[in-house]
Amino acid sequence: MKEFNINTLVRKNILNLQPYISFRDHNEFNAPVMLDANECPFGEFNRYPDSSQKKIKNKLAELKGISPSKIALGNGSDELIDLIIKIFCEPKKDAILMMNPSFAMYGFYAAVNENEVLKLNLDENFEILKDDFLKISKENKPKIFFLCSPNNPTGNSVEDIEFFIRNFDGIVVIDEAYIEFSGNRSGIELLDQYSNVIVLQTFSKAWGTAGARVGAAYASEEIIRLINTVKAPYNVNSLSQEFILNLLDNKNKLQENVGKVLEERAWLEEQFKSIECIVKVFPTDANFFLIKMNNAQTVYQKLLEQEILTSQRSPAIADCIRINVGSREENEKLINVLKGILS
Ligand SMILES: *Cc1c(COP(=O)(O)O)cnc(C)c1O
């Protein structure tokens, strides 16, 4: 059990903020005449969305076995990353810590907020060096550690996550954007034990709804209250809320997507073995592969000529390309083009 006084970590101006409370969203009515929000009385999407997204939270709460008061929703988990930085990091003063390589958006939002970005270089297997972590945490006292597991773009999961939580005097954000593709247990299970943890999940990857832009944060009630205080009141629009609600009623959808992606992932892995330009396929717990090529730049270009878009990670990760699992048809096209690229 690690007890944190979260308030000592929060920016003073944020602590003093009053959340925007939508009167209609926080009271029960039967058939109200709504003349309070200057909306148009006609049309299908004429009303503002539920600012507290109660229905989705109730369903997610049931699915995850957690109280709805410990869930915040964002316009993608991207928005939540931005908000978390704004809540805890004083511009020009505080720093965040992130793995390197990892998801670029942590550094991006920190830079927008004028916070220093400290990078924890991973070893050759893309694992965190614990001594480096302890040193940089102690010396530089970053406010937030973004722990991405499975990590994007490397694909591997972080081992011994509790070590990093126990040894960090700030907020640990566990980004689980790809957790459904791994066998990992969620950090949500750790929330009762550690009050400095925020778990991020998203509907953009395994759920298959990147276009709806909905992500979720799971954390203590105190932290969730802070997120709700700083978020734009109507950050998740009505169309997306409806869409996600329907999706949550169709629980098989997630399993279906994950099952198909894992099947394709295994198929691709087998096919990669006979591709000449591939030097190494790194082990993955996600829906993508990080692959070391004989000449990443050439391979990337040749794929692009055939209108196959991949993610060039070189030179940051020498000679590597990140390729995500597609449909069978897309994967076959990928393999055929790769087969034609000789060393
Ligand atoms: C894709 C991804 C996200 C999801 O972002 P959304 O804004 O929810 O679409 C978050 N974190 C990581 C590491 C990702 O790769």
Side-chain angles (χ1 to χ4, degrees), residues 53 56-57 60 64 71-86 96-112 117 119-120 122 126 128 144-158 161 164 171-182 184 186-188 197-219 227 231-232 235-237 239-241 243-244 247-248 254 257-258 261 265 282 284-290 309-313 316-317 320-326:
Q53 305 122 358
I56 297 180
K57 283 181 191 167
L60 271 184
K64 305 285 175 183
I71 307 174
L73 297 182
N75 190 288
S77 40
D78 256 50
E79 183 192 21
L80 297 164
I81 293 166
D82 184 31
L83 296 178
I84 291 164
I85 292 173
K86 282 178 180 158
I96 67 145
L97 177 63
M98 63 180 282
M99 297 147 66
N100 184 37
S102 189
F103 190 46
M105 299 315 285
Y106 314 132
F108 171 78
Y109 289 118
V112 171
V117 180
K119 293 193 172 173
L120 192 55
L122 303 178
F126 301 123
I128 302 174
I144 306 172
F145 175 38
F146 286 96
L147 188 160
C148 190
S149 181
N151 186 31
N152 177 10
T154 59
N156 59 319
S157 301
V158 176
I161 285 180
F164 301 101
I171 300 293
V172 177
V173 175
I174 308 175
D175 189 338
E176 298 183 346
Y178 301 97
I179 190 156
E180 295 93 341
F181 303 109
S182 73
N184 303 345
S186 170
I188 292 175
V197 171
I198 304 175
V199 175
L200 295 182
Q201 294 187 355
T202 180
F203 284 94
S204 296
K205 307 286 159 57
W207 284 96
T209 57
R213 310 300 307 124
V214 183
Y218 301 89
I227 294 175
K231 79 177 183 69
N235 62 331
V236 181
N237 70 70
L239 286 161
S240 293
Q241 288 200 36
F243 193 84
I244 296 297
L247 189 66
L248 286 168
L254 175 68
N257 288 347
V258 171
V261 168
R265 186 174 84 182
F282 288 96
T284 183
D285 285 332
N287 64 340
F288 57 81
F289 290 95
L290 185 71
L309 311 187
T310 60
S311 178
Q312 173 68 279
R313 312 313 295 189
I317 316 176
C320 281
I321 295 178
R322 193 194 65 201
I323 302 180
N324 73 264
V325 177

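Below, all heavy atoms of this structure are taken into account, side chains as well, without hydrogens, waters or symmetry copies. Here the structure is a predicted model, which is why all the values come from computation and not from measurement. Just follow the structure's listing: the first ligand is 1, and inside any ligand the first atom is 1.
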Any heavy atom of Phe203 closer to ligand 1 than 4.0 angstrom? no
Are the ring centres of Phe126 and Phe282 closer than 6.0 Å? yes
For atom 11 (N) of ligand 1, find the nearest protein heavy atom and state the residue, atom name and distance (0.1 Å precision). Asp175 OD2, 2.7 Å
Considering residues, nucleotides and ligands other than Lys119, do more than 12 of their heavy atoms fall under 6.0 Å from its NZ? no
Contact atoms of ligand 1, heavy-atom distance to Arg213 under 4.0 Å: 6 (P), 7 (O), 9 (O)
Modelled atom types, side-chain donor and acceptor of Asn287 and Glu180, under 3.5 Å: no
Checking a contact table here: which protein heavy atom is nearest atom 4 (C) of ligand 1, and how many Å away? Ser77 OG, 3.3 Å
What atoms in ligand 1 come closer than 4.0 Å to a heavy atom of Ala177? 2 (C), 3 (C), 10 (C), 11 (N), 12 (C), 14 (C)
Do Tyr178 and Asn151 get their side chains close enough for a donor-acceptor pair, meaning under 3.5 Å? no
Side-chain contact test, heavy atoms from C-beta onward, threshold under 4.5 Å: evaluate it for Ile321 versus Arg313 and give yes or no. no
So the atoms of ligand 1 within less than 4.0 Å of a heavy atom of Cys148 turn out to be 13 (C)
Starting from atom 2 (C) of ligand 1, locate the nearest protein heavy atom and write down its residue, its atom name and how far away it is, to 0.1 Å. Lys205 NZ, 2.4 Å
Donor-acceptor side-chain pairing of Glu176 and Ser149 below 3.5 angstrom: no
Side chain to side chain contact (heavy atoms under 4.5 Å, CB included) between Leu97 and Ile144, worked out: CA-CA 6 Å; Leu97 177 63; Ile144 306 172; over 6 Å; no
Test of proximity, Tyr106 against ligand 1: N or O pairs below 3.5 Å: no
Are Ser204 and ligand 1 in contact, using a heavy-atom cut-off of under 4.0 Å? yes
When distances are taken from atom 15 (O) of ligand 1, the protein heavy atom at minimum range is Tyr178 OH, 2.6 Å
Measure the CD1-CZ distance between Ile317 and Arg322 for me, rounded to the nearest 0.5 Å. 9.0 Å
Within 4.0 Å of some non-hydrogen atom of Gly76, the atoms of ligand 1 are 6 (P), 7 (O), 8 (O)
